[in-house]
Amino acid sequence: MNSIDLKVNHSGLVTLAKIQDERDGNLIIANASKEIPFEIKRVYYINQLENSVSIRGKHAHKKCEQVIFCISGSFLLGLDDGKVQQKILMNKDNIGIYLGPMLWHTMEEFSAGCVLLVFASDYYDESDYIRSYEEFTELSK
């Protein structure tokens with residue numbers, strides 16, 4: 001997955017250090033303003049995704065930046081910058097995708113036991129969300 005060729009604007013690949021110990025598991029490290037390209041103000045995770053046909057996300061942000069990881073299992077991340085669309089299989093616990101402002105994103109096709117972890121540059125603010133795809137396409141012109 002390190003060789004992902006991101007085609008959409010407002011995105012990027014984020015690779016975290018992974019220290020593997022065959023006996024004692026893996027240690028994965030994320031540093032704000034280093035690997036995570038902003039000061040982290042919010043962290044959240046999504047688990048118990050028992051409905052495999054569920055589609056999450058379906059929004060963009062006006063200002064907030066995020067980095068999304070799949071720390072267990074796998075899912076399909078859909079990205080749309082208003083011109084180019086791309087789908088990425090997320091299945092590496094130390095490889096994340098930077099979601100910049102004005103990037104429509106969806107998450108779907110969750111495997112059993114899938115856990116998503118997200119670092120965000122700002123606190124939750126409903127006014128920062130663009131939840132209508134039509135409004136997003138107009139604003140992204």
Side-chain angles (χ1 to χ4, degrees), residues 1-22 24-141:
M1 184 157 166
N2 282 343
S3 63
I4 282 182
D5 180 24
L6 287 167
K7 297 175 182 359
V8 297
N9 290 319
H10 316 294
S11 69
L13 199 60
V14 175
T15 303
L16 302 179
K18 182 174 184 175
I19 301 166
Q20 295 178 295
D21 184 320
E22 297 302 320
D24 297 325
N26 300 321
L27 173 65
I28 299 169
I29 304 159
N31 295 291
S33 302
K34 284 191 172 185
E35 298 89 6
I36 306 301
F38 48 78
E39 177 186 344
I40 298 167
K41 291 192 177 173
R42 181 168 46 119
V43 176
Y44 61 94
Y45 59 91
I46 303 170
N47 64 3
Q48 309 259 337
L49 294 157
E50 303 304 321
N51 184 356
S52 62
V53 297
S54 164
I55 301 176
R56 296 199 51 110
K58 299 188 279 187
H59 65 269
H61 291 276
K62 297 172 189 168
K63 295 180 185 172
C64 187
E65 301 170 82
Q66 300 182 103
V67 178
I68 187 168
F69 294 90
C70 184
I71 60 172
S72 183
S74 66
F75 73 95
L76 198 59
L77 175 65
L79 302 175
D80 182 341
D81 65 12
K83 295 181 181 75
V84 177
Q85 297 177 349
Q86 181 174 12
K87 293 204 176 191
I88 299 165
L89 177 63
M90 300 291 293
N91 63 356
K92 304 286 185 197
D93 55 6
N94 70 318
I95 306 293
I97 300 295
Y98 168 75
L99 305 173
M102 295 305 297
L103 183 62
W104 189 266
H105 56 281
T106 59
M107 294 86 74
E108 61 187 315
E109 296 185 22
F110 305 102
S111 71
C114 181
V115 179
L116 285 65
L117 174 67
V118 182
F119 298 108
S121 67
D122 211 345
Y123 307 112
Y124 176 80
D125 176 4
E126 182 60 34
S127 69
D128 184 59
Y129 283 72
I130 304 167
R131 297 192 185 275
S132 159
Y133 186 73
E134 292 72 26
E135 179 185 358
F136 166 73
T137 56
E138 281 300 310
L139 291 171
S140 64
K141 287 183 181 176

Using 0.5 Å steps for rounding, measure from the [atom1] atom of [X] to the [atom2] atom of [Y].
X    : Y    : atom1 : atom2 : result
R56  : H105 : CZ    : NE2   : 10.0 Å
T137 : D80  : OG1   : CG    : 8.5 Å
I28  : I71  : CD1   : CD1   : 8.0 Å
Q20  : L27  : CD    : CG    : 11.0 Å
K62  : L139 : NZ    : CG    : 7.5 Å
I97  : Q86  : CD1   : CD    : 8.0 Å

Notebook entry, point to check: So I46 and V118, side-chain contact (heavy atoms from CB on, under 4.5 Å) or not? Walk me through it.
Noted result: CA-CA 9 Å; I46 303 170; V118 182; 5.5 Å; no
Check: Can you say whether the rings of Y133 and F136 are parallel (under 30°), tilted (30 to 60°) or perpendicular (over 60°)?
Finding: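 Judged by the thresholds at 30° and 60°, the geometry between Y133 and F136 is tilted.
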Notebook entry, point to check: Parallel, tilted or perpendicular for F119 and F69, by the 30°/60° rule?
Noted result: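 Perpendicular.
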Notebook entry, point to check: Just wondering, do L103 and Y98 contact through their side chains at under 4.5 Å, heavy atoms?
Noted result: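 Heavy-atom side-chain distance check fails, nothing below 4.5 Å.
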Next item on the list: Please examine the side chains of L99 and L79, heavy atoms only from C-beta on, and report whether any two atoms are closer than 4.5 Å.
Entry: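 Touching, per the 4.5 Å side-chain cut-off.
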Next item on the list: Carefully, step by step, assess L116 and M107 under the rule side-chain contact (heavy atoms from CB on, under 4.5 Å).
Entry: CA-CA 10 Å; L116 285 65; M107 294 86 74; 3.8 Å; yes
Margin query: Looking at Y129, I'd like to know if its OH atom is crowded, meaning that more than 12 non-hydrogen atoms belonging to other residues, nucleotides or ligands lie closer than 6.0 Å.
Written below: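 Atom OH in Y129 is packed in, count exceeds 12.
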Margin query: With a 6.0 Å cut-off (strictly less than), is the heavy-atom count around NZ of K18, excluding the residue itself, greater than 12?
Written below: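 Buried by this count: over 12 neighbours within 6.0 Å.
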Check: Could you go step by step and tell me if N26 and D93 meet the side-chain contact (heavy atoms from CB on, under 4.5 Å) rule?
Finding: CA-CA 10 Å; N26 300 321; D93 55 6; 4.1 Å; yes
Notebook entry, point to check: Under the salt bridge (charged side-chain N to carboxylate O under 4.0 Å, His left out) criterion, do E126 and R131 qualify, and how do the steps go?
Noted result: CA-CA 10 Å; E126 182 60 34; R131 297 192 185 275; 2.8 Å; yes
Side-chain donor or acceptor of [X] paired with backbone N/O of [Y] under 3.5 Å:
X   : Y    : answer
S72 : G113 : yes
N94 : L16  : yes
S74 : N91  : no
N47 : V115 : no

